[in-house]
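Just so we're on the same page: letters track the sequence lines, and every chain starts at 1.
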Amino acid sequence: MNEIPTRYNPKEVEDKWYKFWEENKLFHAEPNSKKKPYTIVIPPPNVTGILHMGHALNNTIQDILIRYKRMKGYEAEWMPGTDHAGIATQNVVEKQIAKEKLKRQDLGRDKFLEKVWAWKEEYGSTIIKQLKKLGCSCDWDRTRFTMDKEYSRAVTNVFISLWDKGLIYQDDKVINWCPRCLTALSDEEAPHRELDGNLYYIKYPFKDNPKEFIVVATTRPETMLGDTAVAVNPKDKRYKKVIGKTLVLPLVNREIRIISDAIIDMKFGTGAVKVTPAHDPNDDILGKKHNLKFINIFHPDARLNENALEYRDMDRFEAREVILEDLKDQKLLEKIEPHKLSAGHCYRCHTIIEPYLSRQWFVKMQPLAKPAIEAVKKGRIKFYPKRWTKVYLNWMENIQDWCISRQIWWGHRIPIWYCKSCASSVVSREKNKTQYAVRDTQYVKGIIVSETKPEKCPHCGSNELVQDQDVLDTWFSSWLWPFATFGWPDKTEALKYFYPTDCLVTAQEIIFFWVARMIIAGFEFMGDIPFSQVYIHGTVRDDTGKKMSKSLGNIIDPLEVINEFGCDALRFSLVSITSTGQDVFLSKKKFEIGRNFANKLWNASRFILMNLSEKIDVDLCQFVQKEKLNLAERWILSRLYNTIQDVDKALEDYRFNEAASILYEFVWHNFCDWYIETAKLNIKNKTTQIILYKVLEKSLRVLHPFMPFITEEIWQNLPHQNKGSIMINCIPHVQKELLSMKDEKDMQLIIDLVICIRNIRHEMQVQLDKKIKIILVIDEKKAAKTIEENASYIKNLAKVETIEILEKLAKPIVQSASSVVGKLSVYIPLAGLIDVDKEKARLKAKIEELTGFLNLNNSKLENKDFTKKAPKEVVENIRIKNETVKESLAQVKKNLEMLK
RNA sequence: GGGCGCAUGGCGCAGUUGGUUAGCGCGCCACGUUGACAUCGUGGAGGUCAUAGGUUCGAGUCCUAUUGCGCCCACCA
């Protein structure tokens with residue numbers, strides 16, 4: 001036994017046990033009619049991803065849930081996989097080929113995609129390997145990738161299904177355009193950030209009187225090149241008479257009309273707005289309504305195009321400066337005011353997005369949202385913490401159409417085909433199905449749908465068909481995750497058994513991107529909720545509250561932490577400091593919590609293993625008889641089972657930090673600090689050994705979901721018959737007959753007494769090797785008996801030589817230090833050692849404390865309203881407490897008297 | 001313009017439906033190495049729970065307002 005090291009060394013055990021679990025297929029789940037399923041689908045990390053603290057927290061929580069439920073007897077399925085992350089991955093590969101001075105256009109679509117797949121093959125499983133380092137018990141046999149053939153079939157199917165319902169359409173709209181990624185983005189992908197900008201007041205001269213102007217205010221003067229109107233509010237007295245007149249757009253000399261629309265805010269700026277239909281979402285609406293010209297002034301990369309005349313090819317921000325100079329020269333720039341504005345930023349590259357008129361594909365969301373709203377309102381899907389319900393509903397109830405086409409190459413290509421010869425288009429559909437959907441709207445005239453390239457155009461028979469160049473938004477595949485991963489659209493056994501899933505664990509950032517859309521997709525394609533609970537955890541930040549990011553350089557790498565502190569330490573620490581839904585502020589120091597705890601557990605186990613006698617049959621530990629146990633033993637078992645119960649309750653409510661602290665408190669401060677210390681006195685005793693073993697063995701099982709590696713390592717070193725993994729054992733059943741409030745109270749008296757004696761020793765500076773005598777005065781027979789029975793513990797833990805128990809104090813004990821514990825008076829005769837002044841001060845402080853408490857309670861009891869209105873229990877409790885305190889106080893006062 | 005979160009001992013945080021003498025970890029002070037553990041043990045100091053009102057017999061916990069910090073949403077030209 002001596003070969004067990006005094007420090008837990010995670011490096012030696014983690015990989016070993018992970019391999020053991022994997023080889024024994026312990027993470028795999030199959031439809032099993034004898035068990036209830038418990039399913040979690042992982043938020044699929046990007047293939048480009050590398051493990052960061054957000055992942056670590058997110059996946060630790062999922063792993064705790066899944067391991068716990070598995071040990072609770074569920075068929076627990078944790079579906080893993082990765083997301084192809086269209087733009088992100090394309091960007092990575094573009095950067096890679098840029099080193100060879102190549103652009104994707106130089107390679108062409110097919111060659112470039114080959115490169116991306118090659119990249120995916122080489123690096124795409126990095127994050128999976130890292131999740132394994134975290135101990136995640138995912139069902140790797142089912143690992144999915146959103147670009148897998150089967151998964152892609154589901155995506156195409158969904159597109160066609162929505163198409164058939166008329167929920168997908170193509171339109172020319174001003175959308176969010178990233179001039180760097182050169183693609184459209186959805187509204188969610190272009191989060192607004194506040195910028196310090198200016199409001200520029202520009203004079204637009206009247207055509208019939210060039211000396212008169214209308215002044216417009218704008219934050220983006222360069223867009224004036226695309227202006228095709230100026231709008232005012234019809235009620236605005238300042239402008240009433242000029243509505244319908246013509247202005248001459250400066251620099252461009254285009255004639256534009258003054259129109260009126262109630263949407264214009266008279267209070268903002270000058271009340272007159274320049275209208276740029278092709279470059280502003282509002283102006284887009286105005287332009288369509290008033291039949292204005294749409295003039296696009298930008299190249300896709302946001303340099304100005306030929307419509308910008310002499311500003312052509314300038315960058316948008318450079319052009320702004322030049323235009324302002326030119327306006328100044330012409331005395332058309334009235335003034336500049338500083339102004340805060342917010343602008344969309346590309347969520348992948350942070351470039352300021354450009355509102356840009358282009359033809360894109362959209363999903364009509366409103367009809368789809370209805371059941372998703374209902375489900376949450378009716379509580380079929382619950383958010384933890386609840387407050388996110390409101391955020392979700394607010395978004396869902398104001399849902400906008402979803403722009404799903406992306407002008408990139410990496411992704412699911414839109415299954416639409418166009419016929420060159422008759423100008424029809426085709427929506428591609430599944431093989432063997434020949435029915436084509438043909439819709440007669442402005443934009444989709446003669447469109448052809450087909451999963452693979454159709455042989456010929458259904459309209460004219462030509463075989464000159466070309467597929468739409470765009471791919472679908474990444475989230476258009478992720479929203480199918482909870483069922484497409486189980487084989488949908490096929491009706492697989494797994495799908496039937498595991499869907500709907502149980503809990504979705506994620507961060508707030510993707511509620512709209514993903515959670516909300518999954519709920520929509522669940523109803524639309526499965527006819528049911530995708531999960532019943534959503535647990536939203538906080539964001540991981542550094543210790544100053546900043547989000548962790550590479551560019552800020554404040555990253556704490558989970559793998560480094562695992563290397564330095566161990567995986568279990570990482571997991572336990574993370575969970576301990578994350579209270580429900582609150583953001584987590586991290587510093588490396590915080591991982592000491594888990595490391596130290598793991599070490600404590602390790603050493604407690606080490607102690608127990610070193611002391612178990614060879615002959616003992618530990619498998620008998622299941623059959624302990626309560627009548628044969630002493631107080632300490634009954635106490636620790638009661639504590640154990642209460643702990644197991646409390647952990648269960650905490651996990652049901654997703655209060656992970658509470659579960660962790662309950663376990664910490666039990667293992668460290670009940671089991672190690674007290675039970676093991678008492679056990680040392682009878683360590684040769686068979687019952688003692690059995691109890692030590694039993695408590696350890698059961699604790700390990702409850703701890704396992706939190707700290708999988710160390711618990712398996714210790715488990716495997718236990719001398720039991722059960723050589724299978726700890727994973728396949730159950731969370732201990734609570735032996736209700738061993739729960740005892742009385743035992744817990746009685747033991748607490750012993751503990752308090754020991755602490756009290758230690759305290760006096762310390763205050764009076766009585767060395768530990770100095771044997772002392774104590775006199776206890778108590779008139780309660782039961783309590784006296786408890787103390788008598790446990791005298792040996794008190795003697796050993798408080799280093800007391802003799803204990804004398806009296807019913808009453810016949811004569812004063814001179815030269816003693818004294819105290820009270822409940823109704824018990826403690827005297828420690830310390831002839832020659834006692835510092836009378838110190839002792840007086842001690843007693844006075846005690847008197848003050850007790851008096852304060854007594855006064856507080858008395859004032860409560862004297863208050864008739866209180867005794868009348870407060871629950872009986874509360875009043876009674878205070879009465880009882882007060883009685884005890886009164887007695888204590890009287891005793892302490894007497895003791896003080898004696899010192900005089 | 002709406003919505004949300006957070007303000008508790010030096011630091012980081014708990015505190016579930018209002019009733020505990022307000023807890024935990026780190027740090028601090030003092031003592032300690034009798035073989036589970038110094039990644040440890042023992043004892044201790046330290047808080048008018050942001051401010052002002054209110055509801056209540058009773059408020060860290062509920063309501064209103066204020067201050068400070070942070071976040072989200074929105075078509076503020």
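- With B/G19, B/C37, B/A77 as the candidates, the nucleotide lying closest to the side chain of A/K600 is B/C37.
- Of the candidate nucleotides B/C72, B/C57, B/C37, B/C57 has the atom lying nearest to any side-chain atom of A/K869.
- The CG atom of A/N394 sits 17 Å away from the P atom of B/G1 (whole-angstrom rounding).
- A side-chain donor-acceptor contact under 3.5 Å links A/D583 to the backbone of A/T539.
- Not one side-chain nitrogen or oxygen of A/K590 sits closer than 4.0 Å to the OP1 or OP2 atom of B/G25.
- In this model, the phosphate group of B/G1 is not approached by any side-chain N or O of A/H192 to a distance below 4.0 Å at OP1 or OP2.
- Taking atom CD of A/E592 as the reference point, atom C1' of B/U39 lies 8 Å away to the nearest angstrom.
- Nucleotide B/C6 forms a pair with B/G68, judged by Watson-Crick or G-U wobble geometry with both contacts under 3.5 Å.
- The nucleotide B/C62 finds its pairing partner in B/G54, both defining distances of the Watson-Crick or G-U wobble pair being shorter than 3.5 Å.
- Contacts of A/E873 with the nucleic acid, taken as non-hydrogen atoms under 4.0 Å apart, are absent.
- In this structure, A/W395 atom CH2 and B/C73 atom C1' are separated by 12 Å, rounded to whole Å.
- Residue A/D265 places its side chain closer to B/A77 than to any other of B/A77, B/G25, B/A36.
- Between B/G32, B/A36, B/C73, one nucleotide has an atom nearer to the side chain of A/Q767 than all others, and that is B/G32.
- When the side chain to side chain donor-acceptor pair (under 3.5 Å) test is applied to A/D187, the partners found at least two apart in sequence or on another chain are A/N176.
- As judged by a 4.0 angstrom heavy-atom cut-off over every strand, A/P871 is placed among the base-contacting residues.
- You'll find that the side chain of A/W668 is closest to B/G41, out of B/C37, B/A77, B/G41.
- Close to B/G43, at under 4.0 Å from its OP1 or OP2, lies a side-chain N or O of A/R758.
- With hydrogens and angles disregarded, a donor-acceptor distance shorter than 3.5 Å links the side chain of A/R758 to the backbone of A/L797.
- Of the candidate nucleotides B/C26, B/A38, B/U42, B/C26 has the atom lying nearest to any side-chain atom of A/K589.
- Look at A/S579 and you'll find a side-chain N or O under 4.0 angstrom from OP1 or OP2 of B/A14.
- If you measure from atom CG of A/N657 to atom P of B/G25, you get 15 Å, rounded to the nearest angstrom.
- With centres under 5.5 Å and a plane angle under 30°, the ring of A/F853 is stacked against the base of B/U21.
- Between the NE2 atom of A/H669 and the C1' atom of B/C24 there is a distance of 8 Å, rounded to whole Å.
- A/S661 comes within 4.0 angstrom of no nucleic acid atom, judged by non-hydrogen atoms across all strands.
- Put simply, NZ on A/K390 is 7 Å from P on B/G3, counting in whole angstrom units.
- Ring orientation note: the planes of A/F572 and A/Y664 are close to parallel, at an angle under 30° on the 30°/60° scale.
- Contact annotation: A/R387 side-chain N/O to B/C4 OP1/OP2 distance is not under 4.0 Å.
- Taking every side-chain heavy atom of A/A604 into account, B/A36 is the closest of B/A36, B/A30, B/A77.
- Here B/G35 presents its C1' atom at 12 Å from CD of A/E677, a figure rounded to the nearest Å.
- At a threshold of 4.0 angstrom between heavy atoms, the contacts of A/F597 with the nucleic acid are absent.
- Nucleotides B/C63 and B/G44 have their P atoms positioned 38 Å apart, rounded to a whole Å.
- Pair assignment for B/G41 gives B/C31, based on Watson-Crick or G-U wobble hydrogen-bonding distances that are each under 3.5 Å.
- A 6.0 Å sphere centred on CD of A/E848 holds no more than 12 heavy atoms belonging to other residues, nucleotides or ligands.
- The phosphate of B/G44 (OP1 or OP2) has a side-chain N or O of A/N759 nearer than 4.0 angstrom.
- When the nucleotides B/U21, B/C57, B/U16 are ranked by their closest atom to the side chain of A/R655, B/U16 comes out on top.
- Between A/F597 and A/F706, the distance from one ring center to the other does not fall under 6.0 angstrom.
- A donor-acceptor contact shorter than 3.5 Å is absent between the side chain of A/R879 and the backbone of A/L861.
- If A/R7 and A/D865 are placed on RNA chain B by their nearest nucleotide, the residue sitting closer to the 5' end is A/R7.
- Shown here is A/Q748, whose CD atom has more than 12 heavy atoms of other residues, nucleotides or ligands within 6.0 Å.
- Across all strands shown, A/A272 has heavy atoms under 4.0 Å from base atoms, whether or not it also approaches the sugar-phosphate.
- Each of B/G25, B/A36, B/U20 was ranked by its minimum atom distance to the side chain of A/K881; first place goes to B/U20.
- What separates CD of A/Q508 from C1' of B/C71 is a distance of 7 Å, to the nearest Å.
- Shown here, B/C76 forms no base pair; nothing in the strands shown gives a Watson-Crick or G-U wobble contact with both key distances under 3.5 Å.
- If you check B/C4, B/A14, B/A38 against the side chain of A/Q582, the one that comes closest is B/A14.
- Residue A/I755 is classed as a sugar-phosphate contact, given heavy-atom separations below 4.0 Å to backbone atoms only.
- Across all strands shown, B/G25 forms a Watson-Crick or G-U wobble pair with B/C11, both key distances being under 3.5 Å.
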